[in-house]
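To keep things clear, I will list the structure first and then write my remarks on it.
From a predicted model like this one, the values you see are computed outputs, not experimental measurements.
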Amino acid sequence: MGGKKRKHSEAEVAAPVKNDEGPPERPKRTLLGWKDKVEKEKETDSKPGFRNKEKVLVTCSRRISYRYRHLMMNMVSLLPHCKKDNKVESKESKGATLNELVELKSCSSCLFFECRKQKDLYLWMAKCPNGPSVKFLVNAVHTMEELKLTGNHLKGSRPILTFSNNFDKPHWKLLKEIIMQIFGVPKDHRKSKPYHDHVFVFSIVDDHIWFRNYQISAPHSEMDKVDRGGLDKMTLIEVGPRFCLNPIKIFGGSFGGPTLYENPFYVSPNQIRALEKRQKAGKYAKKVKAKKRRKMHELSNPLEPDEFADMWKNDD
C-alpha cells in the first residue's frame, strides 16, 4: 500500500496521432443557402465601396398654415429615409439651430418649410453642415388630400427620378445634383422597399421647377405579363402632391454663406401685393377725380330754369 506515487510526466502518455483524416464535414444549410457560400458572399461584400447613407431631416417653422403642413407630411410619407423633427422658430439664427438638429439626428441633408405671414411658403434644401443650400418660393401647392387622384403606390418604395432635358445651365445642374441626393432613396435603407413603383418628375417651365409624382401601373394578368423593358404596356397614374419651386438664391454654405446664384426674374410676393394695392388705390383715386370733374362741369354749365317746374304745385 505504501508504493511511491508516479510523476505526472510518467503518467501522461502521448496521444496517438491519427493519419487517416475522415470525410469533410457537410456544409450547414441556412435560410439564405449553404453556410460556406454565405460566408464567401460576406467576404466579397466586405470589400470597400460606396454605400449611400443619406438621411434627410424634414421640419418646418412655427405658425405654418394647415395646407403647407399637409404638404410637408406628404413629403415625409414619400421619403422613407427622412426624419421629422419639431417646429423651429423662423429667426436669423435658424441656420445654426437647424445645423445642430441635423447633427443630433445624424442626418446629412435638410428640408425646411418656412412660412411667412401665413401666406408665403419658402423651402430650404441644404446639405449640412458645409453646404450648398438653396432657397425656393413654393407656388401652386396641391396636397394629396385636395387632389384625390386615383394613383396609389406602396409606402416606402424607391422612386425613379426623372428630369427634363433643359437642366443644362450650371445653376440648374447644381440644383439637379442637390435634388438627386435629397429625393433619391438609398438602396439598402431599412425602411425602404427594394423595388420601384413610382416616378418623381422634375421639369423646368418658365424658370420654375415643377414637381409631379406618378405611379407605374402594369397589367397583372398572366397573359399580359410585361417583359423586361416593355415600357409600351406600362402607364403612369398621378398620385400627388403637386407644387412649383421658384429658385431665389443658391448659397455656398448651409443656410447662408456666399451667394453662388441669384435669380434675376424673382419678384417677392410682398412686392406683388404692394403693386395690387397701388392698382386698387389708383382705381379709387380715379373715381374721386371723376366725381370732382363732374361737379366742376355741373357748376360751369348750369341748367336753364324749367318753366313747367311749378305747374302742378297747389296754390294755397
Steps toward ring pair (Phe, Tyr, Trp, His ring centres under 6.0 Å) verdict (Phe200, Phe211): CA-CA 7 Å; Phe200 287 168; Phe211 172 82; 5.3 Å; yes
Check ion pair Asp188-Arg158 (N to O, under 4.0 angstrom): no
Neighbour count >12 (heavy atoms, 6.0 Å) for atom CD, Gln118: no
Residues Lys280 and Glu276 bridged, charged N to O under 4.0 Å: no
From NZ (Lys94) to CG (Asn99), nearest 0.5 Å: 11.5 Å
Row check, Tyr261 ring normal vs Lys249 NZ/CZ: under 6.0 Å, within 45°: no
Side chain proximity check, Gln215 to Leu236, heavy atoms < 4.5 angstrom: no
Nearest non-hydrogen partners of Pro186 and His81, listed with the distance: CD-CG, 3.6 Å
Residues Glu177, Lys127: salt bridge by 4.0 Å N-O rule: no
Check: Val58 and Phe112 side chains under 4.5 Å, non-hydrogen atoms: no
Residues Lys148 and Glu146 bridged, charged N to O under 4.0 Å: no
From CA spacing to verdict: side chain to side chain contact (heavy atoms under 4.5 Å, CB included), Gln271, Tyr266: CA-CA 11 Å; Gln271 290 178 337; Tyr266 171 71; over 6 Å; no
Criterion salt bridge (Lys or Arg N to Asp or Glu O under 4.0 Å) on Asp120 and Arg273, from CA distance to verdict: CA-CA 11 Å; Asp120 311 322; Arg273 283 192 288 267; 2.9 Å; yes
Within one Ile-Leu-Val-Met-Phe-Trp-Tyr cluster: Trp124 and Phe113, side-chain cutoff 4.5 Å: no
Enclosure of Asn165 CG (heavy-atom neighbours >12, cutoff 6.0 Å): no
Validation row: Lys105, Lys55 side chains within 4.5 angstrom (heavy atoms): no
Leu123 versus Val138, closest heavy-atom pair with distance: CB-CG2, 3.7 Å
Residue pair Leu245 / Met125, side-chain heavy-atom distance below 4.5 Å: yes
Any Pro132 side-chain heavy atom under 4.5 Å of Leu174 side chain: yes
Side chain proximity check, Val185 to Pro159, heavy atoms < 4.5 angstrom: yes
Donor-acceptor contact present, side-chain Ser133 to main-chain Ala126, <3.5 Å: no
Whether Trp172 and Phe167 hold their rings parallel, tilted or perpendicular, with breakpoints at 30° and 60°: perpendicular
Gap separating the OG atom of Ser203 from the CZ atom of Arg212, nearest 0.5 angstrom: 7.5 Å
Test log, rule side-chain hydrogen bond (donor to acceptor under 3.5 Å, both in side chains), inputs Asn74 and Thr143: CA-CA 7 Å; Asn74 291 158; Thr143 61; 4.6 Å; no
Spacing of CG belonging to Leu137 relative to CZ belonging to Arg116, to within rounding of 0.5 Å: 11.0 Å
Side chain to side chain, Thr259 and Ile250, heavy atoms closer than 4.5 Å: no
More than 12 heavy atoms from other groups under 6.0 Å of CD on Glu92: no
Least distance between heavy atoms, Pro258 atom then Gly253 atom: CD-N, 4.4 Å
Shortest non-hydrogen contact between Cys128 and Val102, atoms and distance: CB-CG1, 3.7 Å
Close aromatic pair by centroid cut-off 6.0 Å: Phe183 and Phe202: yes
Over 12 non-hydrogen atoms of neighbours within 6.0 angstrom of NZ in Lys53: no
ILVMFWY network linking Ile179 to Leu57, side-chain heavy atoms under 4.5 angstrom: no
Residues in side-chain hydrogen bond (donor to acceptor under 3.5 Å, both in side chains) contact with His153, at least two apart in sequence or another chain: Asn213
Pairwise distance CE(Met72) to SG(Cys115) - rounded to 0.5 angstrom: 11.5 Å
Joint hydrophobic cluster, Val199 plus Met234, side-chain heavy atoms closer than 4.5 Å: yes
Any donor-acceptor pair under 3.5 Å from Ser61 side chain to Val88 backbone: no
Value rounded to 0.5 Å, distance of SG in Cys60 from CG in Leu71: 11.0 Å
Proximity of Tyr68 and His70 rings by center, below 6.0 Å: no
Evaluation steps, salt bridge (Lys or Arg N to Asp or Glu O under 4.0 Å), between Lys173 and Asp168: CA-CA 6 Å; Lys173 286 181 180 178; Asp168 50 357; over 6 Å; no
Exercise: identify the closest heavy-atom pair between Val56 and Cys107: C-SG, 4.1 Å
Set of side-chain hydrogen bond (donor to acceptor under 3.5 Å, both in side chains) partners for Asn263, sequence neighbours left out: Asn246
Step-by-step side chain to side chain contact (heavy atoms under 4.5 Å, CB included) determination, Phe243 to Ile209: CA-CA 9 Å; Phe243 55 87; Ile209 299 176; over 6 Å; no
Shared hydrophobic cluster, Trp210 / Tyr122 (ILVMFWY, side-chain heavy atoms < 4.5 Å): no
Derivation of the side-chain hydrogen bond (donor to acceptor under 3.5 Å, both in side chains) call for Glu54 and Ser109: CA-CA 7 Å; Glu54 186 80 24; Ser109 304; 2.2 Å; yes
Met180 with Ile204, same ILVMFWY side-chain cluster at under 4.5 Å: yes
Electrostatic pair Arg63-Glu114, nearest N-O below 4.0 angstrom: no
For Ser164, side-chain hydrogen bond (donor to acceptor under 3.5 Å, both in side chains) partners two or more places apart: Asn166
Atom pair NE2/NE2 of His196 and His198 - distance to nearest 0.5 Å: 9.5 Å
Working for side chain to side chain contact (heavy atoms under 4.5 Å, CB included), residues Lys83 and Ser106: CA-CA 10 Å; Lys83 292 185 178 181; Ser106 67; 3.6 Å; yes
Closest non-hydrogen atom pair, Gly156 against Pro80: O-CG, 3.8 Å
Any donor-acceptor N/O pair, Asp206 side chain to His208 backbone, under 3.5 Å: no
Worked check of side chain to side chain contact (heavy atoms under 4.5 Å, CB included) between Asp85 and Leu104: CA-CA 11 Å; Asp85 202 81; Leu104 286 172; over 6 Å; no
Heavy-atom side-chain proximity of Leu111 to Leu79 below 4.5 angstrom: yes
